[in-house]
2 protein chains.
Amino acid sequence: MSRQYSISQIAEQTGLTPDTLRYYEKIGLIPSPGRGAGGSRLYTKEDIGKIHFLLHLKNTEMPLKNIQEYIKAYDAQDEELCYRLLEEHRIRIEAQMAALNETLQIVKYKLDHFQEIKDG
Amino acid sequence: MSRQYSISQIAEQTGLTPDTLRYYEKIGLIPSPGRGAGGSRLYTKEDIGKIHFLLHLKNTEMPLKNIQEYIKAYDAQDEELCYRLLEEHRIRIEAQMAALNETLQIVKYKLDHFQEIKDG
DNA sequence: GCTTGACTTGGAGTCTACTCCAAGGGCTAT
DNA sequence: ATAGCCCTTGGAGTAGACTCCAAGTCAAGC
């Protein structure tokens with residue numbers, strides 16, 4: 001039987017707080033893990049994997065509601081819906097990258113401009 | 001004398017609502033524009049330029065507080081601070097692009113995986 | 001057997017960024 | 001001169017995502 005981890009260990013691994021982990025569990029973003037002595041949460045490697053994928057979605061500005069919908073579809077093994085939701089997210093990611101790049105060019109231009117003022 | 005625009009025209013141009021424009025003005029993100037008959041706002045081309053740059057920062061997840069700080073530094077002609085704030089934002093943009101790209105690869109992999117299931 | 005420390009729950013509070021509302025003013029067309 | 005519409009203000013309300021708190025449980029060490 002493989003190792004299991006307490007909520008504070010997971011918190012440290014993921015950079016989330018125990019409160020946030022419990023909050024995500026409450027709203028159905030992560031599965032309710034097994035419990036140890038006194039009802040304390042014990043996370044498995046599989047749980048951790050799900051949390052990491054969740055963080056990938058969250059870190060790319062997917063709203064928790066959409067992540068919730070994806071998790072629900074995943075649990076219901078609705079591959080059609082999973083596919084559609086991920087595809088939509090892919091499009092949003094690409095749009096976001098384009099916006100970031102556009103602003104990056106503008107910011108770089110301004111930074112060069114400041115540099116000139118300093119040099120001149 | 002060049003053309004001026006009402007708040008609803010600016011709203012249409014920028015995709016913001018008049019309420020949001022007034023809110024941005026209230027918290028100091030955009031300058032208070034000149035007023036016309038009955039105290040209604042009249043935006044100049046210069047105002048519009050500032051709003052568009054603000055939107056670039058906002059669309060790249062710069063918190064309004066940081067934008068506020070930048071605008072304040074800009075108005076105070078504190079070039080040193082302007083430079084530092086933009087440089088920090090550039091770094092955040094690049095980090096964000098890296099995170100997006102990483103997730104994009106994962107999402108693409110998953111999408112290909114779904115595709116195989118459909119094809120197979 | 002009592003303290004210490006991490007854990008549990010449900011619920012309330014906070015922060016950011018809006019979003020809406022009530023009460024009222026002013027231009028335009030009929 | 002009245003209807004219709006867009007504008008004004010200050011302030012209250014909302015949504016999303018946490019974040020904190022009180023009261024209590026449990027196991028381990030002294």
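Every value quoted in this text rests on a predicted model; they were computed, and no experiment measured them. Chain naming here is simple, since letters A, B, ... match the order of the sequence lines and numbering starts at 1 in each.
- Inter-residue side-chain proximity for B:Y43 and B:Q13 is flagged as unmet; no heavy-atom pair is nearer than 4.5 Å.
- Within the 4.0 Å cut-off from OP1 or OP2 of C:dA17, not a single side-chain nitrogen or oxygen of B:Y24 is found.
- One interatomic measurement links the two molecules: CG of A:L57 to C1' of D:dG16, which rounds to 17 Å at whole-angstrom precision.
- In this structure, A:K58 atom NZ and D:dA17 atom P are separated by 9 Å, rounded to whole Å.
- When side chains are defined from C-beta on, B:I48 counts as touching B:I10, because their heavy atoms get closer than 4.5 Å.
- Contacts of B:S6 with the nucleic acid, taken as non-hydrogen atoms under 4.0 Å apart, involve only primed sugar atoms and P, OP1 or OP2.
- Atom CG in A:L21 sits about 15 Å away from atom C1' in C:dT8, given to the nearest Å.
- Heavy atoms of A:S8 sit under 4.0 angstrom from primed sugar atoms or phosphate atoms, though from no base atom.
- In this structure, CD of B:E61 is placed 13 Å from P of D:dA17, rounded to the nearest angstrom.
- Between A:K72 and A:D75, none of the side-chain N atoms (NZ, or NE/NH1/NH2) sits under 4.0 Å from a carboxylate O, so this pair counts as no salt bridge.
- Whole-Å rounding puts the A:D19 CG to D:dG16 P distance at 20 Å.
- In this structure, the OH atom of B:Y23 is 14 Å from the C1' atom of D:dG11, given to the nearest Å.
- Spacing between atom CG of A:L42 and atom P of C:dA6 amounts to 16 Å, rounded to whole angstrom units.
- Close to C:dA17, at under 4.0 Å from its OP1 or OP2, lies no side-chain N or O of B:R22.
- Residue B:L57 forms a side chain to side chain contact (heavy atoms under 4.5 Å, CB included) with just one option from B:I67, B:L85, B:L29, B:N66, and that option is B:I67.
- Ranking D:dC18, C:dT9, C:dC18 by closeness to the A:L64 side chain, first place goes to D:dC18.
- Comparing B:Q9 and A:P63 by the nucleotide of DNA chain D that holds the closest heavy atom to each, the one mapping nearer the 5' end is B:Q9.
- Residues A:K26 and A:G38 each lie close to DNA chain D; by heavy-atom proximity, the contact nearer the 5' end of the strand is made by A:K26.
- Nucleic acid contact for B:I7: sugar-phosphate only, since backbone atoms but no base atoms lie under 4.0 Å from a heavy atom of the residue.
- Across all strands shown, B:R41 has heavy atoms under 4.0 Å from sugar-phosphate atoms exclusively, and none from any base.
- Spacing between atom CG of B:N66 and atom P of C:dT16 amounts to 11 Å, rounded to whole angstrom units.
- Looking at B:D47, its side chain does come within 3.5 Å of a backbone N or O of B:T44 through a donor-acceptor pair.
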